[in-house]
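The next block holds one structure in the form of structure tokens; read it before the comments.
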Amino acid sequence: MTNDQRLTTSDEKFYPFDTIEPKWQKFWRENRLFNVDTKNPKDKYYCLMMFPYPSAALHVGHGRNYIIGDVVVRYKKMRGYNVLTPMGFDAFGLPAENAAIKGGIHPKVSTLNNISTMKRQLNQWGVEYDWEREVISCLPEYYKWTQWIFLKLYEKNLAYKKKAFVNWCPSCKTVLANEQVINGACERCDSEVSQKDLEQWFFRITHYAERLLKDLGKLTEWPERVKTMQSNWIGRSTGVEIDFKIDGSPKILKCFTTRIDTIYGATFICLAPEHPMVSSLIAGAPNKIEAERAIQKMRGESKIERAQADITKEGVFTGSYVFNPVNGNKMPVWVANYILMEYGTGAIMAVPAHDTRDFEFAKQYKLPIEVVIDDPKNSFDPVTMKEAYTSEGVMVNSDKFNGIPSEQAIEKIADYFEENKFGKRAIQYKLRDWLISRQRYWGAPIPMIYCLKCGTVPVPEKDLPVLLPENVEFRPTGESPLKLSKDFVNTKCPKCGGPATRETDTMDTFVDSSWYYLRYITPHLKDKPFDTKTVNDWLPVDQYIGGIEHAILHLLYSRFITKFFSDIGIVGFDEPFKNLFTQGMIIKDGAKMSKSKGNVVSPDKLIESYGADTVRLYTLFIGPPEKDAEWSDRGAEGAYRFLGRVWRLIEKVCSSQFSTLNSQLTKEEEALKRKTHQTIKKVTEDLDEGFHFNTAISAIMELVNAAYDLVGSGTGGLLGSPVLRDAAERIVLLLSPFVPHIAEEMWRSLGHNESILKASWPVYDKSAILEQVVTIPIQVNGKLRSRIEVSSDIKEDDLKALVLSDAKVRPHLAGKTVKDVIIIPKRLANIVLR
RNA sequence: GGGCGAGUGGUGGAAUGGCAUACACGACAGACUUAAAAUCUGUUGGCCGCAAGGCCUUGAGGGUUCAACUCCCUCCUCGCCCACCA
């Protein structure tokens with residue numbers, strides 16, 4: 001029997017969660033406790049969870065995101081914030097279309113069905129939203145504005161069409177953005193991605209590369225990890241672009257390098273096989289036929305082959321030479337498979353002595369190696385060198401730059417290049433423009449028209465939305481299914497009225513999700529995507545919560561769109577998300593939950609057996625929320641047991657008679673009061689300083705245990721003490737963000753008439769947490785030997801004396817000299833012996 | 001190859017220079033019960049010891065410190081991200 005099969009066998013429930021949960025869910029909704037009037041932004045707090053793609057059903061892994069968000073929302077509400085918490089669906093996308101091809105159900109039908117299932121699940125979890133603001137990206141009232149954004153980008157020359165080698169997924173039969181290619185494979189289906197020369201629409205995100213990078217500095221409340229990933233993805237590097245004169249040609253060959261200090265060691269040039277100058281450079285080569293064949297072969301290598309660092313380097317000499325501007329040396333020009341056309345200028349100066357790849361290539365093709373940087377400890381001989389020396393060092397064989405440290409030479413030689421017009425300083429980014437065309441049906445149509453007379457014409461704003469036709473064949477052909485719809489394709493040119501055709505590609509769904517957080521603010525506007533003033537009142541988002549898998553894609557695109565909106569003056573901020581929290585995955589049997597692996601834990605059954613509060617509590621208690629965590633049904637059972645314990649405690653308290661005021665608290669009452677206030681402090685700090693739900697919950701567990709200790713079994717103990725009643729009320733309040741249904745029910749049982757959401761978060765009393773007596777551990781040379789109880793305001797000298805005379809300590813001091821006694825007030829004493 | 005993160009009981013984890021193993025799961029024992037479940041009460045890092053107590057223990061090794069899971073150095077293992085990026 002595995003540890004998950006044995007669930008509670010008792011039919012008896014610890015408490016009637018099956019009646020109280022639906023009851024309070026209905027109550028919260030009917031009383032509109034989570035609905036917000038955006039006209040009143042006083043004390044606003046915008047808490048946003050990444051909206052989901054509507055797949056068949058949610059599992060407990062998805063739940064973590066929404067539960068975390070719901071805790072934040074409820075906590076902030078109790079702290080008096082006006083909390084906006086909207087939800088919607090990222091409803092365009094491939095899975096629905098693939099399902100339609102397989103099962104024949106229209107994507108719109110299956111998507112809307114899935115949405116209603118997911119809404120039911122979200123409701124059952126007790127995660128509440130302002131559903132009046134729901135946005136669904138596949139509906140015309142939403143994608144009209146996605147298309148509008150395209151037009152605005154086009155207007156500003158930030159959307160453009162070009163023919164390019166693009167990533168093509170043969171299984172999804174569509175192109176992919178660079179961000180969607182993982183190790184040369186499709187991020188969705190893992191098929192090997194090939195290259196295709198296609199005419200496609202791009203967004204000029206590179207125009208924003210510098211700002212996207214620089215402004216990461218403003219995002220002080222984002223995880224470092226996400227910022228590092230974005231910064232690596234943008235990949236800024238500074239260097240020099242060198243103009244090489246070609247022997248026997250008036251043309252110039254440009255190369256980018258970050259290591260201009262090694263220019264004297266450059267012995268040849270390498271071009272990417274796709275470099276536009278390749279054909280003219282090989283024109284006069286003696287081995288022209290052979291070279292052309294080799295270059296064709298290199299071009300045919302797939303991205304996945306090319307991406308492997310251990311692939312054998314291949315190259316071929318073009319027959320042409322260029323001159324090294326610093327010394328006039330003639331350098332042969334090669335074509336090599338390790339040069340990428342997409343980066344830099346698609347051509348490099350090769351410095352075999354100081355670059356690992358160039359070294360390998362030079363050895364293979366017996367090209368000269370010239371050392372120009374010496375390691376202060378070693379001197380290199382190009383003949384015996386086993387590998388390239390890529391670190392810094394001292395310049396040698398570099399004419400007037402000899403003897404200076406190489407890192408200084410970078411600046412000096414760059415100046416020298418600019419003075420002599422050999423080239424200029426340049427900045428390169430790894431970030432590429434965002435390819436947004438998709439040859440698929442289930443997406444927002446790109447609002448462009450092609451007229452034989454007028455060329456490419458944008459759809460006028462008044463004609464939006466360009467509606468996605470519903471009667472369409474879904475068979476994937478490698479071209480957009482929209483091409484098959486004559487009614488869609490054939491149209492009139494908005495300029496000349498003549499016959500014209502529509503663009504049939506749809507937009508990447510990441511365009512839909514790059515602006516949805518703005519639509520929530522004024523979701524029903526008919527004449528614009530959002531109202532600028534209201535959006536400025538409510539954004540940036542105060543807390544964004546979602547999965548780490550969006551660290552680059554969605555978060556980078558959203559930042560780009562926001563900066564664009566800021567530039568055209570329709571928003572008054574240039575970063576959309578102030579705080580970002582990325583939660584870890586829930587793992588089952590060592591793997592991420594997925595239908596294909598068959599390790600999905602459905603919340604439905606768990607909620608049926610234990611209730612939503614149990615699922616919530618366990619999900620929050622499982623571990624630090626930013627880390628991955630292994631799901632165990634047994635753990636969930638423990639959470640259920642705890643809620644049963646709390647329920648019975650409150651029952652006991654409710655059925656007791658309470659004396660009004662005790663003149664003098666007993667020792668036990670003092671202890672419970674202190675523990676209560678310490679717990680308020682701990683839980684509040686855990687919620688304020690981060691998302692430390694697991695430790696907050698364990699603190700409440702400790703308080704419940706302490707209360708039980710004092711209640712005793714049966715009727716004795718503290719029952720009837722106002723201190724106990726006070727503790728009970730605080731327990732319910734502290735628990736309420738985590739387990740809202742049971743908390744609401746117990747709150748009413750304790751005699752309150754208003755929702756616990758309207759109650760204030762408890763505040764701890766500073767004087768109540770002070771201990772009059774503290775236990776001081778005593779160490780001798782750092783080893784624990786004894787403990788003593790002392791008054792917390794004891795004087796240091798008195799404590800020293802007590803420590804040295806302690807019965808358990810004295811034997812350890814025998815025959816030794818006390819060198820020092822270290823006292824850390826209220827914490828610890830350490831006797832240092834010689 | 002580069003970057004980031006992690007490594008603590010049988011398990012999830014707590015402690016960010018000051019009592020290592022909080023809280024929970026599991027296990028064991030007891031109470032209740034005809035019995036079981038549930039509940040309640042204990043015990044539960046390892047070794048030695050009847051006990052008092054002692055010794056060891058946070059991936060390995062070294063260092064700083066009165067004091068190190070925590071800081072520094074070297075190494076090992078795992079995870080994630082990036083990767084022929086010039």
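Just so we're on the same page: letters track the sequence lines, and every chain starts at 1.
Between the side chains of A:Asp633 and A:Tyr610, no donor-acceptor pair is found at a separation under 3.5 Å.
Close to B:rA22, at under 4.0 Å from its OP1 or OP2, lies no side-chain N or O of A:Asn694. A close approach under 4.0 Å does not occur between any side-chain nitrogen or oxygen of A:Arg225 and OP1 or OP2 of B:rG5. Put simply, A:Arg648 has a side-chain N or O that comes within less than 4.0 Å of OP1 or OP2 on B:rC40. In terms of phosphate contacts, A:Arg645 brings a side-chain nitrogen or oxygen within less than 4.0 Å of OP1 or OP2 of B:rC40.
A cation-pi arrangement is absent between A:Arg616 and A:Phe738, since the terminal nitrogen or guanidinium carbon is not both under 6.0 Å from the aromatic centre and inside a 45° cone about the axis. By the 6.0 Å and 45° rule, A:Lys313 does not stack over the aromatic ring of A:Phe361.
Within the nucleic acid shown, A:Asp355 has no heavy atom closer than 4.0 Å to any nucleic acid atom. Using a 4.0 Å heavy-atom criterion, one finds that A:Asn830 contacts the bases of the nucleic acid, with or without backbone contacts as well. Across all strands, A:Ile822 comes closer than 4.0 Å to base atoms (heavy-atom distances). Here A:Gly235 lies out of heavy-atom contact (under 4.0 Å) with every strand.
The glycosidic torsion of B:rG62 lies more than 90° away from 0, which places this base in the anti conformation.
Annotation: B:rG46 and B:rU21 have their C1' atoms spaced 13 Å apart (nearest Å). Nucleotides B:rC75 and B:rA20 have their C1' atoms positioned 25 Å apart, rounded to a whole Å. Taking the P atoms as reference points, B:rA15 lies 16 Å from B:rG59, given to the whole Å. Using P as the reference atom, B:rG3 and B:rU8 are 25 Å apart when rounded to the nearest Å. Between the P atoms of B:rG17 and B:rU70, the separation comes to 12 Å (whole Å).
Taking for each of A:Glu702 and A:Gly346 the nucleotide of RNA chain B with the nearest heavy atom, the 5'-most of the two is the partner of A:Glu702. Checking A:Tyr429 against A:Gly782, the closest nucleotide of RNA chain B that is more toward the 5' end is the one next to A:Gly782.
Between A:Leu828 atom CG and B:rG18 atom C1' the separation is 5 Å, expressed in whole Å.
With sequence neighbours left out, A:Tyr389 forms a ring pair (Phe, Tyr, Trp, His ring centres under 6.0 Å) with A:Phe380.
Base-pair partner of B:rG42: B:rC28 (Watson-Crick or G-U wobble, both distances under 3.5 Å).
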If you restrict it to nitrogen or oxygen atoms, what contacts under 3.5 Å exist between nucleotides 47-58 of chain B and the protein, and what is each distance?
{"from": "B:rC55", "atom 1": "OP1", "to": "A:Arg785", "atom 2": "NH2", "distance (Å)": "3.3"}
{"from": "B:rC55", "atom 1": "OP2", "to": "A:Arg785", "atom 2": "NH1", "distance (Å)": "3.1"}
{"from": "B:rC56", "atom 1": "OP2", "to": "A:Lys783", "atom 2": "NZ", "distance (Å)": "2.6"}

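Counting atom types as modelled, A:Lys819 pairs no side-chain N or O with a base atom of B:rC66 as donor and acceptor under 3.5 Å.
Comment: A:Glu651 does not engage A:Arg648 in a salt bridge, judged by the lack of any side-chain N to carboxylate O separation of less than 4.0 angstrom. Using a cut-off of 4.0 Å between Lys/Arg side-chain N and Asp/Glu carboxylate O, A:Asp806 and A:Arg810 are scored as not salt-bridged.
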